[in-house]
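First up is the structure itself, then whatever we jot down about it.
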Amino acid sequence: MNSTRRDFLKAGLAASTALLPLPALAQGGGPRAVVVGGGFAGATCARALRHADPRIAVTLVEANPTFTACPFSNAVIVGLRELSAQQFTYERVAADGVTVTRGMATAVDPQARTVTLADGARLTYDRLVLAPGIDIRWGALAGYDQAAAAQMPHAWQAGDQTLLLRRQLEAMDDGGLVVISAPANPFRCPPGPYERASLIAHYLKTKKPKSKLIVLDAKDAFSKQKLFQAAWAELYPGLLEWVPLSKGGAVTSVEPATRTFVTDFGRHQANVANVIPPQKAGVIAAAAGVADRTGWCPIDPVTFESKLQPRIHVIGDAAIAGAMPKSAFAANSQAKTCAAAVAQLLTGGTPATPKLINTCYSLVAPDYGISVAGVYQPTNGQLADVPGAGGVSPSEAPRATRAAEAVLAEAWFRTITTEVFG
Ligand SMILES: Cc1cc2nc3c(=O)[nH]c(=O)nc-3n(C[C@H](O)[C@H](O)[C@H](O)COP(=O)(O)OP(=O)(O)OC[C@H]3O[C@@H](n4cnc5c(N)ncnc54)[C@H](O)[C@@H]3O)c2cc1C
C-alpha cells in the first residue's frame, strides 16, 4: 500500500471514530427511529443508532427474511461461489435491541410521521431513515420490462436473477455469444459491469474458449477503466470486446424473444443476454416524496436528511451522495454518519461534520484484484472528494500485487458482512 492510501485510511478511521459521540440524554420515553430497508445501509444504521443511544427505540422494516448481498455475486454467476455465501439473516441485528419487522413499507405520511406496511400495519416515527437500495426503471430501455428480465436477466439485485444468469451461461454451447449492456450514470456499483464482464470472460476462457463476449456501453468512460482495459488486453485478448457510446455502444431497445440488443449502429443477437438497465431509488422513496425528477434522493451531506421532506433521511444507493459512488462500502459509511446525526437530532444535539470513505475492489480474474478508494466531505451542499486523498491500484504492478488485492477483496467482504449482519 502506498503512503497516500495509508494516510487516507488513517484519516478515515479517525474521522469515523470522531463521528460517534454519546448524544445528550433524552427526557422521558425514548425517541422513535424507523429504518426502512435492511441492506448494507439500513442494517448498519439501525445497529449504529442503538449503539449511539440505547434509549432510542429502533425499528427496522425489511421485506425479506434473508438478505442476499450483491458484492461477490458476479463470482456466483460464473460458478466460483455459491449464493448461500451471499446470504445473511437478521438475528444479530435483533440481538442488538433493534425491532426487526418483516414487511414491505408501502407508504409514508411525512406530516403524521407514519410508515404503512403492506399488511396495513402503521409505525410512527420521530425520525425516519429510508435505505431501500435501487429499483429497476422498467420500460426506460424500450422492450425491457419485468417479463423481459426472465429472458435477459439483469442480475443487479442478487438472488434468483443471479442464479438465472448463471444457469444460462452454463447451458450455452461453446462458441456462443454473451452480450452485456451497461447503463449511463448514475447506477449501482460503477465498476460492477466491468467486473462481471471480466469474470464472465474468465469463465469463457477456461470453460468455453470458442465463445465471445461483447459489452455494449452507454458511456465512453468507466470506473478503473485503465486498469480493467490493461488486464483485459493481458488476460482476454480477442475474447472480450468493449463498445463505448461513441462507437455505437448505446442500446436503444431490446427484443427479449430473440435476446437481441438494438443500437443505432446495428443489432446483436446473443446466446446469453445480460441487460444492466437504468435504475432509480427503491420505490418507497418516491412514495415518501423524497425522490426528485432524476429518481434519486437529494440529501443534506452532513445529516443525510432529505432536501424534500423534513425528518426523513436517505442513505445508501437511493441517495444522491455527490462524488460518492453507489457501493456497499459507501452505504455502510453513510449509515454510520447518518446514525450519529440522527442520534444527535433526536436528543437535542448538533451533528458533527463528517468525513466518509469508500473502497471498491473488483476481481478481473479469481486471483487478480484491483481497487479504487476515496475520502469525501461536505462541500457547498454536496459530498465532494477530499483533494489528494484516495486513488486507484498502481497501473504497473506485479501479479503478486494483483493476487494480494484479490485476497483483500474477500477479506473486505467478510469484514463488512460481519459488521452489518454478524
Ligand atoms: C454485481 C454487483 C457487484 C457489487 N459489488 C460491490 C463491491 O464489490 N463492493 C461494494 O462496496 N459494493 C458493491 N456493489 C454495490 C452494493 O451491492 C450496493 O451499493 C449496496 O447493496 C447498497 O446498499 P443499500 O443498503 O443502499 O441497498 P441494498 O443493499 O440493496 O438494501 C436494500 C434493502 O432494502 C429492502 N427494501 C427495499 N424497499 C423496501 C421496502 N419498501 N420495505 C422494506 N424493505 C425494503 C430490500 O429488500 C433490501 O434488503 C455491487 C453491486 C452489484 C449489483
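Note: hydrogens, waters and symmetry copies are ignored here, and every other heavy atom, side chains too, is used. We count ligands from 1, going down the list as the structure has it; atoms in each ligand are counted the same way.
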In ligand 1, the atoms that come under 4.0 Å of a heavy atom of Ser73 are 1 (C)

Check whether any N or O atom of Arg188, backbone or side chain, sits under 3.5 Å from an N or O atom of ligand 1, and answer yes or no.
yes

Determine whether the side chains of Gln269 and Thr260 contain a donor N or O and an acceptor N or O closer than 3.5 Å. no

In this structure, atom 44 (N) of ligand 1 is nearest to the protein heavy atom Ala63 N, 3.2 Å

Heavy-atom proximity to atom 40 (C) of ligand 1 ranks first, among Glu62, Met104, Gln279, for Met104

Discussion item. Regarding ligand 1, does Ala105 bring an N or O atom to under 3.5 Å of one of the ligand's N or O atoms?
Written reply: yes

Going through the checks in order, is the ring-ring contact (aromatic ring centres under 6.0 Å, His included) test met by Phe40 and Phe67? CA-CA 9 Å; Phe40 286 100; Phe67 178 70; 5.4 Å; yes

Atom 31 (O) of ligand 1 sits nearest the protein heavy atom Gly39 CA, 3.2 Å

*Geometric cation-pi criterion Lys247 and Trp242, 6.0 Å radius, 45° cone*: no

Q. Is there a donor in the side chain of Asn274 and an acceptor in the side chain of His154, or the other way round, less than 3.5 Å apart?
A. no

Notebook entry, point to check: When you measure from the side chain of Lys208 to the backbone N and O of Glu170, does any donor-acceptor pair fall under 3.5 Å?
Noted result: yes

Closest to atom 38 (N) of ligand 1 by heavy-atom distance, out of Pro132, Ala335, Pro191, is Pro132

Asp109 and Thr114 side chains, donor-acceptor separation under 3.5 Å: no

For Val61, the ligand 1 atoms with a heavy-atom partner under 4.0 Å come out as 43 (C), 44 (N)

So for Trp412 against ligand 1, with non-hydrogen atoms under 4.0 Å, the contacting part is side chain

With heavy atoms and a 4.0 Å threshold, my read on which part of Phe67 contacts ligand 1 is side chain

Per-atom filter on ligand 1: closer than 4.0 angstrom to a heavy atom of Ala131 are 32 (C), 33 (C), 34 (O)

of all protein heavy atoms, closest to atom 7 (C) of ligand 1 is Pro71 CB, 3.6 Å

With a 3.5 Å cut-off and no angle check, do the side chains of Thr66 and Asn64 form a donor-acceptor pair?
-> no

Going by distance alone, is a donor N or O of one side chain under 3.5 Å from an acceptor N or O of the other, for Ser73 and Gln86?
no

- Distance-only polar pair, side chains of Arg32 and Thr124, donor-acceptor under 3.5 Å: yes

A student checking ligand 1 against Tyr361 at a 4.0 Å heavy-atom cut-off should list atoms 8 (O)

For Glu405 and Ser393, test the side chains for any donor-to-acceptor distance below 3.5 angstrom and give the result as yes or no.
-> yes

Atom 34 (O) of ligand 1 has as its nearest protein heavy atom Gly37 CA, 3.2 Å

heavy-atom search around atom 15 (C) of ligand 1 in the protein gives Cys189 CB, 3.7 Å

The atoms of ligand 1 lying under 4.0 Å from a heavy atom of Gly133, numbered in the order shown, are 26 (O), 27 (O), 32 (C)

re atom 26 (O) of ligand 1, the protein heavy-atom contact at minimum distance is Asp317 N, 2.9 Å

Atom 16 (C) of ligand 1: of Ala107, Ala118, Ala328, the nearest heavy atom sits on Ala328

* Would you say Ala41 has any N or O atom under 3.5 Å from an N or O of ligand 1, going by distance alone? -> yes

Counting from 1 in the order shown, the ligand 1 atoms closer than 4.0 Å to a non-hydrogen atom of Gly316 are 26 (O)

- Backbone or side-chain N or O of Phe72 under 3.5 Å from ligand 1 N or O: no

- prompt: Can you tell me if Thr44 uses its side chain to pair, donor with acceptor, with the backbone of Asn332 under 3.5 Å?
  reply: no

Output for pair (Leu128 CG, Arg113 CZ), nearest 0.5 Å, gives 11.0 Å

Parallel, tilted or perpendicular: which describes the rings of Trp232 and Tyr194, with under 30° parallel and over 60° perpendicular?
tilted

The atoms of ligand 1 lying under 4.0 Å from a heavy atom of Asn74, numbered in the order shown, are 1 (C)

Test your reading of the structure: does Phe40 have an N or O sitting under 3.5 Å from an N or O of ligand 1?
yes

shortest atom 23 (O) of ligand 1-to-protein heavy-atom contact is with Ala331 CB, 3.7 Å

- Message: Looking at ligand 1, would Gly103 count as a contact under a 4.0 Å heavy-atom criterion?
- Response: yes

Closest to atom 2 (C) of ligand 1 among protein heavy atoms sits Cys70 O, 3.8 Å

At under 4.0 Å between heavy atoms, what of Val36 touches ligand 1? The answer is side chain

* **Donor-acceptor side-chain pairing of Ser362 and Lys224 below 3.5 angstrom** => yes

So the atoms of ligand 1 within less than 4.0 Å of a heavy atom of Arg196 turn out to be 1 (C)

Is there a donor-acceptor pair closer than 3.5 Å between any side-chain N or O of Gln168 and the backbone N or O of Pro153? no

